[in-house]
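Scroll down for the structure; my scribbles are underneath it.
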Amino acid sequence: MKNHQIAALASFLAFWSVLVIANIINSKYYNLDFIKDNNWAEVFIVFCAIVIVAIVASQNMLRQGSFVTKFLNYFSVLCSVVTVVLAINWIYSINKIYEHHAITVNKFIEQAESDIKNDSVKYFSQGLILPPKNEFSQAREIAVQKTIISYGLIRKDLGCLISPEITEGKEKYNQITDAYLEIRNGKNWKEEMNHKIDSIRDIN
């Protein structure tokens with residue numbers, strides 16, 4: 001196999017390998033929309049465009065060599081350039097995700113340190129919070145919240161969005177504040193608080 005054939009085959013394999021690997025990694029770890037939304041039909045169109053451009057460029061009579069040789073050379077260059085551009089774009093996007101992840105987690109850590117100083121530790125809730133069905137349910141919920149506040153906790157709703165950085169941020173936050181709350185409320189404070197809450201909610 002000649003050098004231009006090897007180069008064309010290598011660029012072809014690199015192009016599709018990068019796409020397949022990017023989609024596998026993306027689906028498992030990152031879930032980037034711009035990779036997820038690029039379906040294989042669009043990828044095939046890009047590949048066909050590379051082939052068409054290589055065919056047109058191979059019609060250049062100023063360069064010596066057979067059509068096949070020139071086509072393979074142009075195809076190798078174009079395929080390699082597109083592959084490198086896509087790879088750089090994905091690496092840049094993944095790096096931005098890491099930066100955003102670190103910033104979000106650090107905000108939770110800073111918030112934990114600030115909340116400890118102010119004796120207003122947050123307990124996080126996610127998802128849709130339904131309003132009380134009636135006045136009795138509302139009064140019972142107010143009593144629950146007063147109990148929780150007495151242990152130095154304030155509810156904070158994070159909405160319905162669940163992401164890896166928020167999950168890790170909550171874990172870091174709880175790791176920092178748990179030690180403080182144990183000193184503040186005693187060793188078995190969670191069991192004690194939950195028992196009081198259950199007692200309130202069991203009232204009919």
Side-chain angles (χ1 to χ4, degrees), residues 19-39 86-204:
L19 290 171
V20 171
I21 292 171
N23 275 276
I24 292 173
I25 294 175
N26 179 60
S27 63
K28 189 171 184 179
Y29 297 107
Y30 302 108
N31 204 31
L32 296 177
D33 289 336
F34 81 95
I35 294 179
K36 181 176 62 178
D37 295 339
N38 285 339
N39 58 50
L86 288 175
I88 290 173
N89 188 31
W90 291 338
I91 291 171
Y92 172 79
S93 299
I94 290 172
N95 184 59
K96 295 298 289 184
I97 285 179
Y98 273 118
E99 289 180 0
H100 176 70
H101 186 103
I103 290 171
T104 302
V105 172
N106 284 334
K107 284 182 178 179
F108 274 92
I109 293 173
E110 292 171 0
Q111 185 68 52
E113 294 170 350
S114 174
D115 289 345
I116 288 173
K117 290 179 182 178
N118 297 321
D119 191 32
S120 60
V121 175
K122 307 295 187 299
Y123 76 95
F124 301 105
S125 62
Q126 288 184 284
L128 181 63
I129 300 176
L130 298 175
K133 295 180 180 180
N134 49 50
E135 291 184 2
F136 177 76
S137 296
Q138 183 177 8
R140 187 168 54 186
E141 187 59 30
I142 291 173
V144 168
Q145 292 304 315
K146 286 182 178 180
T147 300
I148 292 171
I149 290 172
S150 70
Y151 285 87
L153 293 170
I154 299 175
R155 182 169 67 187
K156 182 175 182 179
D157 181 32
L158 295 178
C160 297
L161 179 63
I162 299 175
S163 63
E165 59 268 26
I166 290 178
T167 300
E168 183 178 344
K170 288 195 301 181
E171 290 174 355
K172 295 289 185 183
Y173 183 96
N174 292 334
Q175 286 175 3
I176 295 171
T177 56
D178 279 352
Y180 163 77
L181 290 171
E182 186 167 317
I183 295 172
R184 182 189 188 280
N185 299 320
K187 188 174 181 180
N188 298 317
W189 70 272
K190 285 184 181 180
E191 292 80 1
E192 182 181 306
M193 182 186 72
N194 288 331
H195 178 71
K196 290 182 180 179
I197 292 173
D198 290 340
S199 298
I200 294 171
R201 287 179 172 162
D202 285 342
I203 298 173
N204 297 319

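Nothing here was measured: the structure is a model prediction, and the numbers come from that model.
- We find the CG-CD distance between Leu153 and Gln145 to be 10.0 Å, quoted to the nearest 0.5 Å.
- To the nearest 0.5 angstrom, Leu158 atom CG is 9.5 Å from Thr167 atom OG1.
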Taking only distance into account, with no hydrogens and no angle test, what donor-acceptor pairs under 3.5 Å do side-chain atoms of residues 103-110 form with protein atoms, sequence neighbours excluded?
unit_1, atom_1, unit_2, atom_2, d
Thr104, OG1, His100, O, 2.9
Asn106, ND2, Ala102, O, 3.2

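- Checked against salt bridge (Lys or Arg N to Asp or Glu O under 4.0 Å), Asp119 has the following partners two or more places apart in sequence or in another chain: Arg184.
- Going from atom OG of Ser114 over to atom CD of Gln111 covers 5.5 Å, rounded to the nearest 0.5 Å.
- Side-chain atoms of Gln175 and Glu171 include no donor-acceptor pair closer than 3.5 Å.
- For Ser120, the side chain to side chain contact (heavy atoms under 4.5 Å, CB included) criterion is met by Asp115, Asn118, Lys122, Ile154, not counting sequence neighbours.
- Atom CZ of Arg201 is separated from atom OG1 of Thr147 by 9.5 Å, given to the nearest 0.5 angstrom.
- Atoms CD1 and CD1, on Ile149 and Ile142 in that order, are 10.5 Å from each other to the nearest 0.5 Å.
- Here the closest heavy-atom approach between residue Ala112 and residue Thr177 is recorded as CB-CG2, 3.9 Å.
- Applying the side chain to side chain donor-acceptor pair (under 3.5 Å) rule to Glu168 yields the partners His101; only residues at least two apart in sequence or on another chain are considered.
- Looking at Asn95, its side chain never comes within 3.5 Å of a backbone N or O of Ile91 through a donor-acceptor pair.
- Here the closest non-hydrogen pair linking Gly152 and Leu181 is O-CD2, 4.4 Å.
- For residues 144-176, the pairs satisfying ring-ring contact (aromatic ring centres under 6.0 Å, His included) are Phe124-Tyr173, with sequence neighbours left out.
- When the side chain to side chain donor-acceptor pair (under 3.5 Å) test is applied to Lys172, no partner is found at least two apart in sequence or on another chain.
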